[in-house]
2 protein chains.
Amino acid sequence: MRIGEIAALAGVTSRAVRHYHQLGLLPEPERRPNGYRAYGLRHAVELARIRRLTELGLGLAEVKDVLADDAGRELVEVLEELDGDLARQEAAVRERRARLAELLDRARAGELPPEGPVSPELGRIFAAFGPSDSPMAAKDRQHLALFDSMIGNGDGDGGTDGRRGELLAALRPLADDPEFVRRVEGMYRRLDELADAPADDPRIAPLGAELAAAMPAELLRLMSEGDAEQAVRGDFGEAFLGDFAPAQAEVVRRMIAALTERARRADGG
Amino acid sequence: MRIGEIAALAGVTSRAVRHYHQLGLLPEPERRPNGYRAYGLRHAVELARIRRLTELGLGLAEVKDVLADDAGRELVEVLEELDGDLARQEAAVRERRARLAELLDRARAGELPPEGPVSPELGRIFAAFGPSDSPMAAKDRQHLALFDSMIGNGDGDGGTDGRRGELLAALRPLADDPEFVRRVEGMYRRLDELADAPADDPRIAPLGAELAAAMPAELLRLMSEGDAEQAVRGDFGEAFLGDFAPAQAEVVRRMIAALTERARRADGG
DNA sequence: CTTGACCTTGCCGCAGCGTCAAGGTTTCTA
DNA sequence: TAGAAACCTTGACGCTGCGGCAAGGTCAAG
């Protein structure tokens with residue numbers, strides 16, 4: 001048999017067969033006078049065996065090991081390890097599909113926020129909050145999405161939902177309160193109006209105070225806790241303020257100052 | 001922020017971030033005077049978004065496409081295609097795990113044939129047949145395993161078990177018949193004895209006749225039908241006979257001749 | 001001043017082949 | 001009997017998503 005024939009027999013390509021030769025999985029057969037490889041039944045048997053193993057999901061190196069030592073010992077070990085791998089893979093794929101399904105649901109309903117796929121709960125909160133034609137609201141959503149990703153990284157794998165859960169618990173009641181939502185929308189609009197204002201605009205002070213009043217203490221606590229603390233307090237904080245126009249940044253600075261002050265007083269007295 | 005900081009924030013490595021830059025997924029930020037990349041919040045937001053997408057299983061090229069066109073149109077398409085992919089993957093992994101589990105069961109029971117993992121049913125037939133200390137029986141098992149693989153390749157994906165089913169249906173009753181199994185074992189031994197005999201050994205003719213008598217017509221029919229036909233009739237046939245010692249090959253040749261004759265007679269009358 | 005932890009660019013490596021390239025052989029067909 | 005089609009040969013690059021190393025430069029702390 002020539003290489004194409006044995007390959008077709010085993011259901012692989014000629015290239016794959018040559019690859020197995022290169023890796024030493026399959027011995028090189030004799031050559032015909034013209035240089036063609038001349039395969040016999042033995043090779044077909046071996047090739048079929050290789051293919052059965054690879055179809056199970058073994059890597060070629062593992063196949064080689066298994067073929068190498070005649071005892072079935074090694075095979076069992078390899079198979080057990082492989083099963084563990086596959087179990088993990090299956091779980092991962094299933095989780096991805098679950099998230100995908102949820103995303104697709106929302107996407108088809110036209111509810112996809114331009115921030116891309118965030119966690120479902122956050123998505124609902126996004127939907128409730130802010131008119132999408134406010135640049136400030138859009139930016140805020142981006143920041144929230146980022147923060148959501150960050151705390152998603154922080155915790156381990158299992159456990160309950162931890163810090164992300166707290167975040168959502170803090171946000172959800174606000175999103176469900178129409179009165180609060182209206183207030184926030186008004187503030188977004190007023191922040192938008194400060195986009196081109198100088199840093200000493202008179203509208204800054206009252207807006208900062210109002211923001212501080214509206215902002216739940218829980219949020220600030222979450223942002224200055226845990227793994228993200230150093231990030232938020234360090235260069236990240238600067239980056240955060242740098243993302244706003246001067247007047248807007250000033251508002252945020254005042255809000256933070258007011259909140260910090262409030263927390264200090266609550267702590268001290 | 002420097003690259004390590006933003007990377008830690010998003011839960012990726014610096015290397016990955018640079019990779020995203022190279023691929024154009026993430027815009028290169030300004031540089032500090034010392035050449036370090038200086039990231040701002042915008043980059044963190046984008047990076048987090050990239051990571052959310054890759055975590056879903058999108059390839060970097062697809063992520064780029066999704067980020068490119070602002071409309072959510074493309075995203076939906078990509079996600080749908082991805083879901084299809086994942087569904088296929090999941091099914092494939094599940095099937096592999098099922099076969100693995102079956103294999104591991106048999107392996108732990110010490111019933112693994114040295115031919116490697118064959119289809120479960122064939123494995124049971126192997127277990128029933130032939131003492132493993134007979135070289136000829138071993139070779140025969142190899143051939144059967146090869147044939148099993150071949151017909152496994154031939155048919156499509158779905159459907160009923162097709163030709164493999166027929167093969168097993170033909171073999172199973174034989175394996176379940178202790179009388180038949182005893183006969184086959186005797187023949188294996190006699191074939192073994194011919195390993196070093198010349199091609200005109202007097203034991204050849206009777207053994208060939210007996211093999212032909214024992215061989216079910218169904219098997220021959222299966223081997224000369226369907227996709228494998230050309231292979232079996234062509235070079236594969238030579239390879240098959242070439243795998244035996246001369247006297248043994250002679251026995252097989254006679255058996256085939258007798259079976260062909262029998263089939264011709266049954267067909268004609 | 002040294003040490004250690006960062007950063008820079010650039011390049012090789014991984015799995016399992018697919019896919020040219022640039023030839024040579026055999027076989028079918030006109 | 002020529003030419004095309006369909007095989008074969010070796011060699012080499014390409015793909016994915018980075019990891020890891022080399023050979024430096026930079027910066028803050030002890």
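In what follows, chains are A, B, ... by sequence order, proteins preceding strands, each numbered from 1.
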Only residue of A/V78, A/L56, A/L58 satisfying side-chain contact (heavy atoms from CB on, under 4.5 Å) with A/V63 is A/L58
Going by heavy atoms in the side chains, are B/R2 and B/R37 under 4.5 Å from each other?
-> no
Residues in residues 14-28 of chain A with a heavy atom under 4.0 Å of DNA chain C, by number, are A/R15, A/A16, A/H19, A/Y20
DNA chain D: 5'-proximal contact among A/G4 and B/A61 (nearest heavy atom) = A/G4
Is it true that atom CD of B/E81 has more than 12 heavy atoms of other residues, nucleotides or ligands lying nearer than 6.0 Å?
-> no
Listed by chain and number, what are the ring-ring contact (aromatic ring centres under 6.0 Å, His included) partners of A/F244, not counting sequence neighbours?
-> A/H143, A/F240
Should B/L53 and B/L67 count as side-chain neighbours, where that means a heavy-atom distance under 4.5 Å?
-> yes
Once you round to the nearest 0.5 Å, how far does CD of A/E46 lie from CG of B/L146?
-> 11.5 Å
Trace of the salt bridge (charged side-chain N to carboxylate O under 4.0 Å, His left out) decision for A/R253 with A/E250 | CA-CA 5 Å; A/R253 238 187 300 270; A/E250 196 52 38; 3.5 Å; yes
Identify whether any heavy atom of B/T13 sits under 4.0 Å from a base atom; if not, whether one sits that close to sugar-phosphate; answer base, sugar-phosphate or nothing.
-> sugar-phosphate
Drop me the distance from B/L25's CG to B/L60's CG, to the nearest 0.5 angstrom.
-> 5.5 Å
Step by step, work out the salt bridge (charged side-chain N to carboxylate O under 4.0 Å, His left out) result for A/D148 and A/R164.
-> CA-CA 7 Å; A/D148 183 55; A/R164 168 174 279 152; 2.9 Å; yes
Measure the angle between the two terminal helix axes of the helix from C/dC1-D/dG30 to C/dA30-D/dT1, five base pairs each, and quote it to 10°.
-> 20°
Value for CG (B/L100) from CG (B/L104), rounded to nearest 0.5 Å, stands at 6.0 Å
Heavy-atom side-chain contact between B/R99 and B/R96 under 4.5 Å | no
Mind listing the residues from residues 31-39 of chain B sitting with a heavy atom below 4.0 Å of DNA chain C? Number order is fine.
-> B/R31, B/G35, B/Y36, B/R37
Segment of DNA chain C, first to last nucleotide, that comes within the 4.0 Å heavy-atom reach of chain A | C/dG16 to C/dT26
B/E5 CD - D/dA28 C1' separation (whole Å) = 14 Å
Distance, rounded to the nearest Å, where B/I3 contributes CD1 and D/dC18 contributes P = 13 Å
Could you tell me whether the side chain of B/S14 reaches within less than 4.5 Å of the side chain of B/R18, counting heavy atoms only?
-> yes
Taking salt bridge (Lys or Arg N to Asp or Glu O under 4.0 Å) as the test, write out the residues that go with A/R15, two or more places apart.
-> none
